[in-house]
Amino acid sequence: MLILRSVLLFVLAALFEIGGAWLVWQGVREHRGLVWIGAGVIALGLYGFVATLQPEAHFGRILAAYGGVFVAGSLAWGMVVDGFRPDRFDVLGALICLIGVGVIMYAPRGG
């Protein structure tokens with residue numbers, strides 16, 4: 001149950017961070033304005049809060065593992081929202097990152 005909670009928190013954090021960055025991108029690069037930028041800043045702040053809810057106590061471990069979630073999540077976001085089509089190397093890289101997440105977060109640790 002603890003792993004499921006952790007995975008769900010990673011997914012929620014990814015939605016806030018990637019979504020927030022996308023909103024800022026839209027506001028600045030696509031000239032959609034300050035409302036989009038402001039919504040992005042709020043979402044990015046929520047990402048920071050959600051990360052603190054992870055059951056693991058070590059900040060460095062959480063953020064290192066989240067990096068892999070961010071890589072895979074960014075590709076998925078691009079597919080769903082922007083019509084991006086990753087190639088086999090994008091997919092392979094994302095899978096490697098997710099394996100890294102599993103090792104960093106969920107490998108049994110002795111002592």
Side-chain angles (χ1 to χ4, degrees):
M1 193 59 151
L2 208 54
I3 291 175
L4 178 61
R5 176 178 179 226
S6 174
V7 168
L8 291 174
L9 286 169
F10 275 134
V11 169
L12 184 60
L15 288 172
F16 281 130
E17 186 183 19
I18 298 163
W22 184 82
L23 286 166
V24 171
W25 178 282
Q26 293 297 308
V28 175
R29 297 277 304 248
E30 303 299 327
H31 309 289
R32 295 199 174 173
L34 291 176
V35 172
W36 286 69
I37 295 168
V41 169
I42 291 168
L44 288 165
L46 290 170
Y47 148 73
F49 178 77
V50 169
T52 69
L53 301 176
Q54 281 287 347
E56 167 63 43
H58 297 93
F59 174 81
R61 185 172 290 147
I62 296 296
L63 269 286
Y66 176 70
V69 173
F70 180 82
V71 168
S74 295
L75 291 173
W77 183 279
M79 289 172 60
V80 171
V81 176
D82 289 328
F84 172 71
R85 294 293 169 242
D87 64 22
R88 65 181 180 214
F89 299 109
D90 294 324
V91 173
L92 178 61
L95 290 173
I96 291 169
C97 288
L98 290 175
I99 290 168
V101 171
V103 171
I104 291 169
M105 286 299 295
Y106 310 120
R109 290 182 163 78

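When reading the values below, keep in mind they use all heavy atoms of this one structure, side chains included, and skip hydrogens, waters and symmetry mates. Throughout, residue positions are numbered sequentially from 1 according to the sequence presented.
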Assigning hydrophobic clusters by single linkage (Ile, Leu, Val, Met, Phe, Trp, Tyr; side-chain heavy-atom cutoff under 4.5 Å), is [X] placed with [Y]?
X: Trp77; Y: Val24; value: no
X: Val103; Y: Val71; value: no
X: Leu46; Y: Leu44; value: no
X: Leu12; Y: Val81; value: yes
X: Phe49; Y: Tyr47; value: yes

Atom pair [atom1]/[atom2] of [X] and [Y] - distance to nearest 0.5 Å:
X: Leu15; Y: Phe10; atom1: CG; atom2: CZ; answer: 13.5 Å
X: Ile96; Y: Leu92; atom1: CD1; atom2: CG; answer: 4.0 Å
X: Trp22; Y: Trp36; atom1: CH2; atom2: CH2; answer: 4.5 Å
X: Ile3; Y: Leu8; atom1: CD1; atom2: CG; answer: 12.0 Å
X: Ile104; Y: His58; atom1: CD1; atom2: NE2; answer: 14.0 Å
X: Ile62; Y: Leu53; atom1: CD1; atom2: CG; answer: 10.5 Å

(request) Look only at the side chain of Asp87 and the backbone of Phe89, and say whether a donor-acceptor pair between them is shorter than 3.5 Å. (result)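 Such a contact is found between Asp87 side chain and Phe89 backbone.
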Do you know the tightest heavy-atom contact between [X] and [Y]?
X: Leu98; Y: Gly68; answer: CD2-O, 4.0 Å
X: Ala43; Y: Gly20; answer: CB-CA, 3.6 Å
X: Ala14; Y: Val69; answer: CB-CG1, 4.0 Å
X: Leu75; Y: Asp90; answer: CD1-O, 3.5 Å
X: Gly73; Y: Ile18; answer: C-CD1, 3.4 Å

(request) Write out all pairs satisfying side chain to side chain donor-acceptor pair (under 3.5 Å) with one or both partners inside residues 4-16, taking only residues at least two apart or from two chains. (result)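 Residue pairs with at least one partner in residues 4-16: Ser6-Gln54, Ser6-Tyr106.
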(message) According to side chain to side chain donor-acceptor pair (under 3.5 Å), does anything in residues 59-68 pair up with another residue at least two apart or in another chain? List the pairs.
(response)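 Output for this query lists Glu17-Tyr66, Glu56-Arg61.
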(request) Step through the shown structure and confirm whether more than 12 heavy atoms of other residues, nucleotides or ligands are within 6.0 Å of CG on Leu4. (result)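 Yes, enclosed.
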(message) For Phe84, is the CZ atom crowded, meaning more than 12 foreign heavy atoms sit under 6.0 Å from it?
(response) yes
